[in-house]
Amino acid sequence: MKLHSIETVLVDIPTTRVHHLSFGAITTQNYVIVRVRDEDGVVGIGEASTIGGPAWAEESTETIKTIIDTYLTPHLVGRDPRDLQAMSVLMERLVRGNRFAKAAVEMALLDLVARSLGVPAHRLLGGKVHDQIELAWTLASGGTDADIAEGEAKLDARLHHVFKLKIGAGDPMADVAHASRIAEHFAGRARVQVDVNQAWDELTATRCIARLEAAGVALIEQPVARHNVAAMARLAARFDVAIMADEALGTPADALNLVQHAAADVFALKLTKAGGPLATMKTAAIAEAAGIPCYGGCMLETSVGTAAYLHTFVAIHGVRAGCELFGPLLLKDDLVTQPLRYHDGAIHLHDGDGFGVEIDPSKLAFYRRDRTPVLAVRTP
Ligand code: MUC
Ligand code: MG
């Protein structure tokens, strides 16, 4: 079995509403879709999603595409994609960092190999230990009343009973008031957690977390800068409320460092920031050894990336702090022929070989950035 080609396509899909984060507000999500083909024509698909271009981390979809096309593809084509570990080691040698790019390729290779064997992708990661994962929704409309109304609608639809609030953009005490009002509003009906996306210094975090804890907020995600592991350790020791590492946790080496410093109570896993499904499994193994529960994070993927994340998370016993694989629900449209299964407060594993999703060619043609505009009315 030989890898014949790797294709990368930039895709932009609008969101259903503005999504506010500490570093900006987004109305469109950007993706790189990766399609790998073997010599028999079997296709595997992967995806890298970024939030706000290179604002969340260093990579943007444009750099991801360049890294794959220029520095990975020429060295991977012709090799046996079943050698997933060897491919991963090779990518590590060829390209330092740029883990989103490597992750998208590794996802596509895993999908390809699983499809060619006629098995779901999670089988190649050891098989599933979950059939469903509790699903959080992010309330990030920019207004407290609008967030409460959106949360009520989500509860009514029985889609979510965990809400993550994106804070850190505004005055810290105004953010605390916003999150406290929402936590108190949903008390006893939904769990509320906040994501600060690195916005606070340690003193601000100490003051704000005390108030958020008192208001019943259940978890604080990445309150301080990702490099400030010492501050995370002091916050984790000081407060009962769980401190979750997101941006601070990329590689398995980061996981080990966080464990050694007792700097997080929960790990947010994401395939892209880790560098792929294999590195995500290694990170989860470190968490398991340290007794740290994992949360299935996201970067607002389409159903392509979401399915890849889901197949990995269902194979990780330690994913017991829920997940936020709601990306497709925040998008105005999707790329796949069949929607994923969302109901009763959870995302449920679907059937199918590989990641179990198929790209709808007309959707890809419509949302790809380099599409040739089709004129509805041609001038003579
Ligand atoms: C993050 O930092 O967790 C994913 C969903 C969301 O609302 O924000 C993200 C990124
Ligand atoms: Mg986060």
Side-chain angles (χ1 to χ4, degrees), residues 13 15-31 47-60 99-100 103 133-142 146-147 150-151 154 159-160 162-169 175 178-179 182 192-200 205 217-226 228 232 242-250 254 258 264-274 280 283 294-303 305-306 308-310 313 319 321-331 342 347:
I13 304 184
T15 55
T16 53
R17 62 146 164 76
V18 185
H19 199 64
H20 292 266
L21 304 98
S22 75
F23 51 84
I26 55 152
T27 53
T28 301
Q29 267 294 103
N30 312 123
Y31 305 96
E47 174 185 304
S49 168
T50 63
I51 299 177
W56 190 94
E58 291 84 350
E59 294 173 84
S60 69
R99 296 190 298 273
F100 281 56
I133 306 176
E134 182 187 51
L135 180 71
W137 171 259
T138 297
L139 297 171
S141 69
D147 280 358
E150 192 174 297
K154 295 292 177 187
L159 275 171
H160 315 269
V162 182
F163 298 129
K164 161 163 153 172
L165 313 181
K166 304 295 283 190
I167 60 173
D175 275 349
H178 162 79
I182 295 175
V192 170
Q193 55 197 55
V194 299
D195 188 357
V196 192
N197 283 115
Q198 316 186 65
W200 292 338
V217 168
L219 179 142
I220 315 287
E221 180 174 342
Q222 200 61 54
V224 294
R226 64 183 183 184
N228 203 347
M232 289 177 68
I243 305 293
M244 181 157 81
D246 185 11
E247 287 90 330
L249 173 65
D254 293 334
L258 289 166
D265 302 299
V266 183
F267 280 178
L269 304 177
K270 294 178 184 174
L271 269 58
T272 41
K273 67 177 182 170
T280 304
T283 301
C294 294
Y295 174 82
C298 84
M299 291 297 286
L300 306 177
E301 284 76 13
T302 73
S303 288
T306 301
Y309 275 50
L310 181 60
F313 294 158
V319 174
C323 79
E324 58 180 36
L325 295 181
F326 67 89
L329 304 177
L330 188 70
L331 297 175
Y342 292 103
I347 180 168

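Values below: every heavy atom of this structure, side chains too, minus hydrogens, waters and symmetry copies. The shown structure was predicted, so the numbers you read here are calculated from the model rather than taken from an experiment. Atoms within a ligand are numbered from 1 in the order they appear, just like the ligands themselves.
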**Fill in**
Counting from 1 in the order shown, the ligand 1 atoms closer than 4.0 Å to a non-hydrogen atom of Leu300 are 5 (C)
**Request:** For Thr138, take its heavy atoms, then give the atoms of ligand 1 lying under 4.0 Å from any of them.
**Result:** 6 (C), 7 (O)
**Numbered atoms of ligand 1 (with element) below 4.0 Å of Glu221, judged on heavy atoms** = 3 (O)
**Message:** How far is atom 9 (C) of ligand 1 from the closest protein heavy atom, and which atom is that?
**Reply:** Lys166 NZ, 3.5 Å
**Message:** Which of the numbered atoms in ligand 1 are under 4.0 angstrom from any heavy atom belonging to Asp246?
**Reply:** 1 (C), 2 (O), 3 (O)
**Lys273, Lys270, Met299: member with heavy atom nearest to atom 1 (C) of ligand 1** = Lys270
**Message:** In this structure, does ligand 1 have an atom that sits under 4.0 Å from one of the heavy atoms of Cys298?
**Reply:** yes
**Prompt:** Would you call Glu59-Arg99 a salt bridge at under 4.0 Å N-O?
**Reply:** no
**Message:** Assess the residue pair Tyr31 and Thr50 against the criterion (side-chain hydrogen bond (donor to acceptor under 3.5 Å, both in side chains)); give the C-alpha distance rounded to whole Å, side-chain angles, the decisive distance to 0.1 Å, and a yes or no.
**Reply:** CA-CA 7 Å; Tyr31 305 96; Thr50 63; over 6 Å; no
**Near-ring test Trp137/Phe163, centroid separation under 6.0 angstrom** = no
**Atoms of ligand 1 close to Glu324 [distance to a heavy atom under 4.0 angstrom, numbered from 1]** = 3 (O), 4 (C), 5 (C)
**Request:** For the Mg ion (ligand 2), check which protein N, O or S atoms are under 2.8 Å away and list them.
**Result:** Asp195 OD2, Glu221 OE2, Asp246 OD2
**Prompt:** Considering only heavy atoms of Ile51, which atoms of ligand 1 have at least one such atom less than 4.0 Å away?
**Reply:** 9 (C), 10 (C)
**Request:** Specify the protein heavy atom at minimum distance from atom 3 (O) of ligand 1: its residue, its atom name, and the distance to 0.1 Å.
**Result:** Lys164 NZ, 2.9 Å
**Prompt:** Does a side-chain N-to-carboxylate-O contact under 4.0 Å join Asp246 and Arg226?
**Reply:** no
**Message:** With heavy-atom distances below 4.0 Å as the criterion, list the atoms of ligand 1 near Asp195.
**Reply:** 1 (C), 2 (O), 3 (O)
**Asked** Quick one: which ligand 1 atoms are inside 4.0 Å of a heavy atom on His19?
**Response** 6 (C), 7 (O)
**Asked** Looking at Lys166 and Glu324, does any basic side-chain N land under 4.0 Å from a carboxylate oxygen?
**Response** no
